[in-house]
Number of protein chains: 2
Amino acid sequence: MATRDPDRKRQQLMDAALAEFAEYGVAGARVDRIAGRAGISPGLVYSFFAGKEGLFDAVYEAIAEQTVDAVPIDADDLPGYAGRLHDAAAQNPQVMRFLAWYALERGERPVSEMVARSMDEKITAIEAAQRGGTVRSDRSAGEILALVLALANMWQHHTEDVGRLVPDAQRRTVITDAVRHLVTPQQPPRG
Amino acid sequence: MATRDPDRKRQQLMDAALAEFAEYGVAGARVDRIAGRAGISPGLVYSFFAGKEGLFDAVYEAIAEQTVDAVPIDADDLPGYAGRLHDAAAQNPQVMRFLAWYALERGERPVSEMVARSMDEKITAIEAAQRGGTVRSDRSAGEILALVLALANMWQHHTEDVGRLVPDAQRRTVITDAVRHLVTPQQPPRG
DNA sequence: CCTCGCTTAATGAACGTTCATTTGACAAGT
DNA sequence: ACTTGTCAAATGAACGTTCATTAAGCGAGG
């Protein structure tokens with residue numbers, strides 16, 4: 001175990017930054033606090049990243065990479081897919097909150113290459129399922145995907161008032177049932 | 001027209017604050033910039049409000065009051081209600097953005113009395129519609145309301161990537177169709 | 001001993017807030 | 001009508017703090 005371990009410090013810094021940014025956003029985050037959480041000195045931040053903003057962007061890149069393909073789509077079982085998206089979100093509230101900040105503070109940026117490709121793959125998968133008859137075809141794949149994502153994340157995006165409407169235990173079912181109603185063809189494929 | 005007009009200045013200040021907060025949030029907002037936008041001096045802010053934070057809270061109160069009852073619920077036509085919510089949101093992107101900041105920066109606060117009452121009224125209305133047979137009864141009114149609100153605001157809450165999935169012109173229809181599918185009883189009330 | 005990792009301290013700008021001062025409105029006194 | 005007194009409205013410079021960033025120094029490992 002080396003007393004000098006840049007890679008470990010770098011990782012600690014990223015973890016601390018995620019926690020801080022998730023809590024306060026970029027503008028509200030404090031470099032000293034991040035360094036404190038990471039157990040390093042404030043100055044060291046600048047030998048790893050291009051300042052606070054650079055750190056924020058680096059955290060986003062890391063998160064996007066991990067998150068985008070964390071829940072692979074199963075277009076033949078969109079209710080299950082939505083449920084799994086919900087589970088992943090519920091297990092990583094920090095990441096969800098970070099992404100909410102990102103949408104507000106960096107929202108003007110063009111969609112990253114990786115995210116765009118991931119979206120295209122999902123669209124393609126849904127179109128295949130539509131041809132296969134497991135997903136209704138009277139709506140475009142883009143609309144289907146937008147609905148699935150909106151419902152899967154419905155408990156994240158709202159203010160506290162909406163959260164109180166349904167107890168935690170039933171939230172997953174609300175999502176999966178709703179998606180089932182929306183994407184299942186009127187004439188089910190077999191009987 | 002008086003050259004001294006505190007009420008007018010106060011209103012200008014609130015408008016400018018809404019614009020600034022919607023763009024940058026509390027932490028990113030600059031008092032000097034708000035004063036500049038409002039055409040007043042920075043010092044005057046403090047004779048109206050309790051500093052930047054107080055101004056933010058004041059703007060929230062004003063917005064909440066205007067917004068909560070801007071779109072009255074019609075529980076017998078929830079698709080239409082969702083559509084109207086969508087229209088209101090689309091026409092006031094600044095307000096929507098402000099509320100998104102509020103959810104992140106003030107989310108821990110207890111739900112205000114006014115908002116809670118408004119929610120209760122909506123629940124009551126939906127329960128009445130369920131008894132009347134215009135809304136399906138196999139889901140609780142809370143679940144129905146959560147779904148309606150989630151769908152009505154689905155285009156606001158997501159990052160840019162999801163926005164690209166469906167062109168503007170079709171977004172309203174996506175919402176109203178989805179709500180119709182989800183809340184209409186399987187056996188329609190009359191044939 | 002020399003390089004690299006890291007810390008501590010210093011720097012300087014940005015920013016919220018305060019406050020002494022000025023400006024404008026208005027009415028009482030003449 | 002014209003001062004003059006008074007108070008609220010409003011200004012804008014100054015203050016003190018916070019904070020991101022940089023610079024200087026130090027100690028360990030090869």
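Lettering of chains follows the sequences in order, A, B, ..., and the numbering in each one begins at 1.
Here salt bridge (charged side-chain N to carboxylate O under 4.0 Å, His left out) pairs that include residues 124-137 of chain A, with residues two or more places apart or in two chains, are Arg136(A)-Asp138(A).
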Each nucleotide N or O in nucleotides 20-22 of chain C that has a protein N or O under 3.5 Å away: list the pair and distance.
none

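Salt-bridge formation is detected for the pair Asp177(B)/Arg180(B): a Lys NZ or Arg NE/NH1/NH2 atom is positioned less than 4.0 Å from an Asp or Glu carboxylate oxygen. By the 4.0 Å N-to-carboxylate-O rule, Arg10(A) lies too far from Asp7(A) to be salt-bridged with it. Between Asp168(B) and Arg171(B) there is a salt bridge, with a side-chain nitrogen of the basic residue lying less than 4.0 Å from a carboxylate oxygen of the acidic one.
Checked against salt bridge (Lys or Arg N to Asp or Glu O under 4.0 Å), Glu23(B) has the following partners two or more places apart in sequence or in another chain: Arg37(B). Judged as a ring pair (Phe, Tyr, Trp, His ring centres under 6.0 Å), and not counting sequence neighbours, Tyr24(A) has no contacts.
Computed from coordinates, the Phe48(A) CZ to dG5(C) P distance equals 8 Å when rounded to whole Å. In this structure, the CG atom of Leu44(A) is 16 Å from the P atom of dA23(D), given to the nearest Å. In this structure, CG of Leu55(A) is placed 14 Å from C1' of dT21(D), rounded to the nearest angstrom. Between the P atom of dC4(C) and the CG atom of Asp7(A) lies a distance of 15 Å, rounded to the nearest Å. In this entry the distance linking CZ of Arg8(A) with C1' of dG5(C) reads 14 Å, nearest Å. Note: CD1 (Ile40(A)) to P (dG5(C)) measures 13 Å, nearest angstrom.
Residue Trp101(A) shares its hydrophobic cluster (ILVMFWY side chains chained together at separations under 4.5 Å) with Leu104(A), Trp101(B), Leu104(B).
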Practice problem: Would you sort out whether Lys52(B) and Asp57(B) count as a salt bridge (charged side-chain N to carboxylate O under 4.0 Å, His left out), showing the intermediate values? | Solution: CA-CA 9 Å; Lys52(B) 187 166 75 160; Asp57(B) 294 337; over 6 Å; no
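Note: Phe56(B) and Tyr102(B) have parallel aromatic rings, judged against thresholds of 30 and 60 degrees for the angle between ring planes.
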Quiz item: Nucleotide by nucleotide, 5' to 3', does protein get under 4.0 Å of the base (B), only the sugar-phosphate (S), or neither (-) in nucleotides 13-19 of chain D, counting heavy atoms?
Solution: ------S
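At the phosphate of dG5(C), neither OP1 nor OP2 sits under 4.0 Å from any side-chain N or O atom of Lys9(A).
Among dT7(C), dT22(D), dT11(D), the nucleotide with an atom closest to any side-chain atom of Tyr46(A) is dT22(D).
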